[in-house]
Each structure stands twice: as C-alpha cells, then as structure tokens.
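For reference, the structure is listed below as structure tokens.
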Amino acid sequence: MHPIFQCPSIIQQIVSDIELTQHDVLQVALTCRFFQGHALDIIWENLETGILPLFQVLPNLGCREEQHSGEDSYSNRVKERTTTTYFLKDTVTPSDVEKLKSYGRRVRSISCLERKMTDLIDASTYVAVISALEGQLLFPNLRHLDWNLYSSESSAVFFLFHSPHLTRVEFNCSNVQTINPSWIQDTSMFIHRLVRQNVQLFDLRIDIPCSQAMADLVMSAFPSIVNLALDLDSSTIIGHRHLVSMPNIGLLKECHLEGESLQFAFGEDTPRLAFPSLDWLSFTGKIDQAIMFLSSSTFPVLACLSHTFWVPPTHTDYNLDWMAFFNALKQATTSTLTDISLQPWKQTRVQRARGYHSFIDQYSGVDFDTVFPCLSQFDLHDLNFRFPFFTRITMDNLKAITAQWPRLVTLSLHTASREKLGLPALAVIADNLPRLRNLSLDIDPKKSWGRSKYLSFVFLEENKKECCALALTCRDFRNPAQDVLWRCVDCGIFPLLRLLPTFTVRERYSTDHDKGNWFLNGAISPSALEHLALFANRVRELTFAKRKRKSFVEAPVYTVVVQALQGKPLFPNLQRLSIVLNKNDCPSFLQLLHSPRLKELDLNDLREQNPMGSDIPIYLQVQSNYQTCLAALAIKLPCTADMLNIATSAFSHLSVLQLCIGRGKAINFGHLVNMATLPGLRQLNLEMDYPADFNAIDKAATVCFKQLRHLSVCCIFADILGLLSHITCPILYSFAYSFPVESGRGRYPTREWATLFDAIRLTAPGLKEFYAAPSKQYGYDDFLRYYPGVPFSDIAESLLQLNLVALGFEFPFFNVFTLEDLKSIISTWPRITFLHIHGAPNTTPAVFDISVLELIAVELPHLRDLSIDLDVSTLRAIRAIPQSYTHPLLKLSVQLVKWADTFGNCGKFVSYVDALFPRLASLAEFDHQGSRSYREKRVAASMNVFLRHLQTVRFYERERQGVQNSNAHSPSPEQIDGDGSGYPVRLMPNKLDAGKRIIRASY
C-alpha cells in the first residue's frame, strides 16, 4: 500500500469529499480493512431513515404486521393501512450493547427525511435498550436531531437522543390528528434534562403543544438559541415579561410561534420590545393578537414576515382588519422588510380543514384601492397571499403592482371575484418582472393573448430542450418559446433556408442531407416568404460556429431570396453578427445579412485563396447606409484600401475597432485622423503586416484619442515607435504590443525597449497596464530559444517611471534580473495585480530561489496573477506566516530550473505554494523552450491536480482559521469607465497572442 493511504486524515477527507452513493461507500468499506473504519464513519454519519437501521444490527430483532383503519381528514373516507412494528424477541446482551455503541458513536445527525410512516418500533424495544445501556449514551456525538412522531408511536425514543453536543433539536408531529399526552410529558422531560446538562442549543423547534411552564423554561434556559419555533397550547400566554426575560433576545434570528388561542399580554404603558437581530418572524394565531404583538415590538432588521391567521370554523362574517395589520407592521419594521406571506390556518390536527375551505369559498376579500396604499409602503421582493386576498384585480391594478415592485421574485395573487385576469396578464408580468421565479395567479384561459403580447422564456435560452417542450405543450406557449429558440442561431442561415418548401438537395446527395449542394426547386411563394420572415425577425445573434461545412448552398438561392424581399432586410432585429467564410462558401450570402439594428460585426475569411475582393467593402458600405449605430467592428482578414477607408470613417458610433492590415496596404496618418474623430472609441486593435506610412505634412503633427482606454498593436518595432509619436491618449489604461519575428538563425536584436517605454510615457501618461509578446508565426520557437534578452538596469529608469498595476512580458525578456531588481519593482508598484517576468534561456541570470515567493506574498498584497522563473534545487520549509494570512493570488505559472521531477518534490512544492497563497485557483508549470503547444509527460505538469487535493484536505483547517476557501476570480482593478452609456470593453487579457487580444468586447 502506498504510504499516503496510511494517513488517516487524508483517507477520511478523500472518502468524505468525493460524492459517492451509500453503495459506493459500502464498496470502499469492503475493499480494504484499513478503509473500513473511515467508510463506516461516512455511512453512519447521517441517519435519514430514523434509528431503525441501527436497531437492525441486533440479532434478536423481529417484526409483525398490523392492519389499521382510519378516517381521512380530507375525504372522510375510511382507509386501510398496514404497519410494520419491530420488537425484541429476547433480551439485549452486553455484546449487543457494544455493537450498538460502536455504530452509535459515529452518528452526527438523525432525521426522518426518508423514514416510512408504516415502520414503527415497539415501546418495549426502547425500554430494553435504555435499560441495557445503564445510563450510557447511545449517541455521544449527536449534533442534529430532527424527529417526526407518527400515530401510535412511543415517545420513549427521546431518552436515547441525549448528547452533550446537541446544537439543533426539532420535534414534529404535524402528520397526526390526535396528540398523545405522553408525547408532551416526554418532550418536557427531554428539555429539562438538556437544561440540567447545560447543553447549548442553537436551533430548537417543537411542534408539540407546549404548556405555559414549558414555554417559560425554553425562553429562559437556552441563552445561545438563534432559531426558535414553538407550538403553544390554548392556555399559554406570552407576555412582555416572558420576552424580556429571554437571555437570547439579542441573538434571535428566526422566531416561529404557533397556537390556536395564542395570546400576547402587553400593557398600554409597556415600552416597545426590540428584537435587534430577528430577520424572520412567523406567527400563527388570531390577527388581533398579531397586531398587538407588532404594535408592541420593533424589528430593525426584519426581512421576512409570515402570518398564518386563525379563522372561525363556523362563522361566515370574517372581520380581518388588514389596514391596521399593515400599519402596525410598518411602524415595527424598517426598509429591510422585503418578504410578506399571508395565509389562513389549515390545521388537520384539530379537524379545522372544513373551516378553512369555508373561509376560502366565502371570504369576500378587500378592495385593491383601499389596501394598496398601505402595501406600497414596503419595498417587497416576495408578495405571497395564498388565499383570495383581493376582491378583484384589474389589469391596471396588476400594472401598478409590477411598477411598484419591479424586483419581485415571488408573486402570489388570488381574488374572490369570479372575474379573473386573462392570458395578457402573463405578458405584463413577463415584461415588467424580469427576476420573477415563482408565480401563482388566477387566470381565465378563455381571454386571448392579443396579437402583440407574448410570454417571455428568455431564462430558458441555454436549455433548448425545455423550450422545445414548451412549444409542444400548449399553443399559447408556441410563439414565446420559438422567440427564444431562434434568438441565437449558431449555424448560419442554413436552418432558415430549410423553412422554404422548395429548398432541396441535389438528387445524388438525397440520401445524406448533411452534405451536398442545395438549390431552389421553384419560385418562392408569398406565403413561404412570410413564413421565412416570421422566423428571421426573431434572430438577435447570428454566428457560423456550428454550421455544416459539407453542405453547400448554390449562389442563385441567395439572389432569388434577395429579389423576393424587394429591398427589405431579412433580419430587421439582428444585433450581433459573426461571419466566417470557408473555402467552399460563396460570399453572395452577405446580401442577406444587413440589419438596421446591428451593434456587433465580426468578419473573418479563412479561405487561403480568392478572398472576398469587393464583397466586403460593398457589404460595409451598404451597412453604413442603413444606420450608424454599429458599436463593435472586427475585421480579421487582410483589409483592402476601400475596406480600411470605410471602417475608419463610415461608422461614427464605434466603441471597439479591430483591423488587420494586409500586405501591400499601409495605414497612414489620414486613417489615424479618422479613427481619432470617433467620439466613443474605447478599444482599438491593429495588426499590421506591412510597414505603416506615418509621413504627415508636419512630422510633428499628432492626433488625440480622447476616449481610448485600451490599445493593442501588432507591428514591427519601428512602426510602433512611429505610431506612438503621432498619437496622444490622455486616459489610456492598457497597452499591449505584439511584434512579428522571423527566423534569425540564432541572431535576434535586443530592440530599444527603453525608447518604447519613454514613448509610451509621453503618449499615455496615465497608463496602468503594459503587455508585450512575440506573435506566433514562423520563427517563434527559435526566438524564444535564442533571444539574448536585455539587462534590467538598461531599461529600469524608463520602465519604472510608468505607474503600472499590470506588467506582462510573455517571453524571456531579461538576461540579468536580480533580487534587487525585483525589490525595485515591488517598491515602485506595491499595488501591482499582474506580473509576468522571465529570463533569457541562453544567458545565466540570477534565477530566484523559491523563497522569493515569500517576499512576493508579503510585499505585494494585491497581486492576482504571477508568472516567474524559480530555482527549485533546494525545497526548504516555509518561514512563519500568520495563521489568518489570506493572500489573493489566483494564478501562478512557473518555469522550474534545476527541477528533479518526482512526486515527492511536486508535493513539497505544491504544499509550499499552497501555504503562501490559500486562494490559488490555477498552478501550472511551463517551459519557454520548444513549442508552447507541446508538453512532455512530467509529474510537474499535474501540479494543479495536486493543489486541488491539498486544498480539499485543508479546507476545514482554513475554515477554522477564518480563511475563505474561494476560487472566485477577483474583479479587474478598473471598473467600467464613463457613465455606463458607452460600449463595454474587456479590461485585462489572460495571455497576449499576436495582438488579437480584442475579439469581442465582453459584458
């Protein structure tokens, strides 16, 4: 056996954290004797079927079946049921006791979630086991107890549940109609024993009627209770003295009080009673008692109120003063109250189901205009009235509700009038309550939708199967479901053309519709064109990511469709378009892709020969004639002169612009002027394969990009210097530079990086992020292997004058970089969040010892992403780190020098890193030498897996130390700039790749 499996804590953590079924854990217990104890701890930790499984380990346990008849409280019919009662055939021996104790000590939680109501244990069995224990505890480690009492069941079982570690106790008997008096007595004795043993409960819920003495004891004996729920008998009175005497009134967060004749005794001069921490109050009783309680109390942080009100079982005149109730509630609460739930009391235990149904049938409700001013005082998220609260609700009333509480999550409205709202009410709710998750409403299905109002199933956009099911469920659901299904089309326009009845495949491909040439076998009728337009109007986003590449649509098809449209756009509501042309595609389909509402346009031609030629300029020119609201334009194919001119001058509302300047075409100063005149340009990405022409009339002339925040450029080094000399960007936040490389056969110039940094400082004095990397072209691997690098001392003066929060060199940049150089970066930029620095492989720089991570952890408290070279020839122990230390680093990538690739070293290194950076979400090893896409099968390549296991093992340790074990990425240091009216932009790249950092702006 591997030594790691002989560590009990690791085995315990693995077995408990992996999501295994009970059967799987049982197999683990049978696999190895060493695993047996750990697996049994998991099997017996939670008993969700009561304690019958524990008693079934007794060899002399028998059972008998009994027939019972009873009257159903709802239908008044006599029903037969069979119960199985378990009993002991013989006495309990000492070996039986030891067996029970061996399993009972493993139990942490007992509940009746999956317990069968027909499985009962005879009272004599409980008595025999209690006697055999001789005062010992059967469940010494029990924390949580949730027990349901069924009819004819003995409450002697309570005496088995004593434990000094109990924190949560819940007794429930809501499923029975008659309370056994012994249950009340045994419950009282159980609570008294907990009090004598000084057990500190945090959660106590008793659904067995409590006497006055019992209520007094509970309210005064448990100072640590946070959640309290009591069912009080008819003689119990809760007064001011009871509540004031509660030692935990300042800690109480949830309180549930229930009683048919529950009374509150408050004097007229009694000061208001404050519940400073109560955020959930549930009260079952008469409405006048609820008003008295609210009028005499204050709840500064109450968020949820649930009132189940008592109604007379025989009366027909129901006097419920809701105006006084809501006014008292407003005076007792603050703006934190968001949830109100009201319902009549339906208690089968006292045979009051008929009174409940009588109330539902005869209550006339309240007038909406009368009570709505009181309700509108609250800022509600949940409005849950589960009975006919209103006399009548009109469409205007519903619109008033949606306008008053637009953030509703739960809405339950019912009326006493026979006149109900029609189906258009659902359209009003769908349009005005975007966060709604639960809806209960009286609807008359005979009232039609109307022609322009539909349901909205946008929340099902990612689940196409559910949308299809809704479309087939009901005719009224068909249109709203189809709106969602056709909102985003990711396989081009082929599915739309399939709607045409004459659109078919050539005969030689008729057996396989996934490939072949498709054509129109006849003219397009007006009804077919209307059917096509109906579905095309639903499209908001169109891409070609998942189209069938073997299916080819012949060019005349597009021409015939364009002629049939007679100048009308096929996609009038299209907002996002991403076009990808492959070698078999005909560009004539661009005629169908114009839209007056287009906001994002992405053009990409993957064909190696015969590019689009004049098709793209014509398409861009026509699109510019439609409107000028295009916000994002990305042209990822070699731009012609016409395309360049149109892209930089025809769309005045651009926020994001990406251009690829092909060979033979040069960007000139006039293009810079056009781009600078775009008032909302926030993000610019330029990729230039040909030297630029910045020879302005006045060589000192410059243009100012007033709103530009992010600039990414891929060009030769001379062009980037020329570009920066002709532009100014006063609020530029990030700059990314990617430079092309060619095979230099081991000889590469170091480049004037200091000059570049000086130019950036003059062009963008407020720059915060800088990234640099070679583009992935021919010669990329040779460059990484042979680039000589630059000494830090040569560029320090220019680089450190920038005020950065992110610095990334995604290649071996330095040939000399010492610990003192790193300290100078730390002292200059103490709030840096992104740092990638590496040394050249052909030099012998001073590679950092592993202890540099401790320096970074202490001196850079805001760092989120780090990539660095480390000498790991000596893996030493970590120095003292405060127990509450929580560094926010999320990503760490390292190049390991002098690394001995063994599991032992990998474990030591991961443990070292994990102790310094407890929130680390990604740990990876890389090697600049050789292609980045190639990775040898090394142990270190799986360091992230080691980290996940280690973080799992240490989860509870960190939880005790107050360290959050969260892998959620922190937000970028920059927020969305401006007033929010501009187009959102991406703020920080993960890795720079050939200047193509900006593909599509992200929300």
Side-chain angles (χ1 to χ4, degrees), residues 21-23 25-26 40-66 68 81-89 92 96-97 99-133 136-163 165-176 179-180 182-184 186-187 189-191 193-194 201 203-208 229:
T21 63
Q22 289 290 88
H23 178 73
V25 180
L26 180 60
L40 289 176
D41 289 342
I42 302 301
I43 292 175
W44 290 95
E45 182 178 8
N46 299 312
L47 294 181
E48 297 181 350
T49 56
I51 62 174
L52 179 59
L54 181 63
F55 278 26
Q56 287 176 334
V57 304
L58 297 175
N60 57 353
L61 186 70
C63 65
R64 61 176 180 269
E65 292 186 354
E66 300 175 353
H68 299 273
R81 65 186 181 94
T82 302
T83 62
T84 302
T85 304
Y86 292 86
F87 62 94
L88 288 176
K89 301 177 182 178
V92 181
D96 295 338
V97 173
K99 185 181 294 186
L100 288 174
K101 290 169 57 179
S102 66
Y103 293 110
R105 63 177 177 81
R106 306 174 191 269
V107 178
R108 301 295 189 274
S109 173
I110 299 176
S111 66
C112 299
L113 295 176
E114 301 179 6
R115 180 189 176 195
K116 295 181 180 179
M117 296 180 61
T118 56
D119 290 342
L120 302 176
I121 299 177
D122 190 78
S124 61
T125 304
Y126 296 137
V127 175
V129 173
I130 294 172
S131 301
L133 287 172
Q136 301 179 69
L137 299 179
L138 180 58
F139 303 106
N141 299 310
L142 186 63
R143 266 76 169 172
H144 298 164
L145 174 61
D146 184 356
W147 193 260
N148 286 352
L149 283 170
Y150 301 137
S151 60
S152 304
E153 184 177 15
S154 172
S155 56
V157 66
F158 291 170
F159 297 99
L160 295 174
F161 294 145
H162 290 290
S163 171
H165 301 291
L166 274 174
T167 60
R168 182 179 186 273
V169 173
E170 179 171 355
F171 292 141
N172 191 354
C173 61
S174 58
N175 295 319
V176 297
I179 299 296
N180 191 328
S182 64
W183 296 353
I184 301 176
D186 291 339
T187 302
M189 294 177 62
F190 180 81
I191 297 298
R193 183 169 178 180
L194 293 182
L201 293 181
D203 193 337
L204 177 60
R205 302 170 188 267
I206 302 178
D207 190 29
I208 300 174

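Quick caveat, the model's predicted, so the values are computed rather than measured.
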Worksheet item: What's the verdict on side chain to side chain contact (heavy atoms under 4.5 Å, CB included) for Leu137 and Leu142, showing C-alpha distance, side-chain angles and the deciding distance?
Response: CA-CA 10 Å; Leu137 299 179; Leu142 186 63; over 6 Å; no

Are side-chain heavy atoms of [X] and [Y] found at a separation under 4.5 Å?
X      : Y      : result
Val157 : Ile121 : no
Ser124 : Leu88  : no
Phe158 : Tyr126 : no
Leu54  : Leu138 : yes

Could you give the distance from [atom1] ([X]) to [atom2] ([Y]), rounded to the nearest 0.5 Å?
X      : Y      : atom1 : atom2 : answer
Asn60  : Lys89  : CG    : NZ    : 8.5 Å
Asp186 : Phe171 : CG    : CZ    : 9.5 Å
Leu120 : Tyr86  : CG    : OH    : 10.0 Å
Leu160 : Thr125 : CG    : OG1   : 10.5 Å
Leu47  : His144 : CG    : NE2   : 14.0 Å
Thr49  : Gln56  : OG1   : CD    : 8.0 Å

Item to complete: Under the side-chain contact (heavy atoms from CB on, under 4.5 Å) rule, collect the residues that match up with Val57, sequence neighbours excluded.
Response: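 In terms of side-chain contact (heavy atoms from CB on, under 4.5 Å), with neighbours along the sequence ignored, Val57 is linked to Trp44, Lys99, Leu100, Tyr103.
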
Item to complete: Look at the side chain of Asn141 and the backbone N and O of Arg106, then say whether any donor-acceptor pair between them is shorter than 3.5 Å.
Response: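 Here the side-chain-to-backbone pair does not exist.
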
Item to complete: Apply salt bridge (charged side-chain N to carboxylate O under 4.0 Å, His left out) to Asp203 and list each qualifying residue two or more places apart in sequence or on a separate chain.
Response: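 Applying salt bridge (charged side-chain N to carboxylate O under 4.0 Å, His left out) to Asp203 gives Arg168, Arg205.
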
Worksheet entry | All salt bridge (charged side-chain N to carboxylate O under 4.0 Å, His left out) counterparts of Lys101, not counting sequence neighbours |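 For Lys101, the residues satisfying salt bridge (charged side-chain N to carboxylate O under 4.0 Å, His left out) (neighbours in sequence not counted) are Glu98.
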
Practice prompt. Could you list the residues that satisfy ring-ring contact (aromatic ring centres under 6.0 Å, His included) with Phe139, not counting sequence neighbours?
Written response: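 Phe139: no ring-ring contact (aromatic ring centres under 6.0 Å, His included) contacts found.
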
Worksheet item: Excluding sequence neighbours, so at least two apart, what forms ring-ring contact (aromatic ring centres under 6.0 Å, His included) with Phe161?
Response: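 Phe161: ring-ring contact (aromatic ring centres under 6.0 Å, His included) contacts with Trp147.
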
Discussion item. Considering only residues two or more places apart or on different chains, which pairs with a residue in residues 118-130 satisfy salt bridge (charged side-chain N to carboxylate O under 4.0 Å, His left out)?
Written reply: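 Counting only pairs at least two positions apart or across chains, the salt bridge (charged side-chain N to carboxylate O under 4.0 Å, His left out) contacts touching residues 118-130 are Arg64-Asp122.
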
Item to complete: Take Phe190 and Ile206 through the test side chain to side chain contact (heavy atoms under 4.5 Å, CB included) and record every step on the way to the result.
Response: CA-CA 12 Å; Phe190 180 81; Ile206 302 178; over 6 Å; no

Worksheet item: Ser163 and Pro140: which non-hydrogen atoms are nearest, and at how many Å?
Response: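 Closest approach of Ser163 to Pro140: OG-O, 3.2 Å.
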
Item to complete: With side chain to side chain contact (heavy atoms under 4.5 Å, CB included) as the test, would you mind laying out the steps for Phe159 and Val127 before giving the verdict?
Response: CA-CA 9 Å; Phe159 297 99; Val127 175; over 6 Å; no

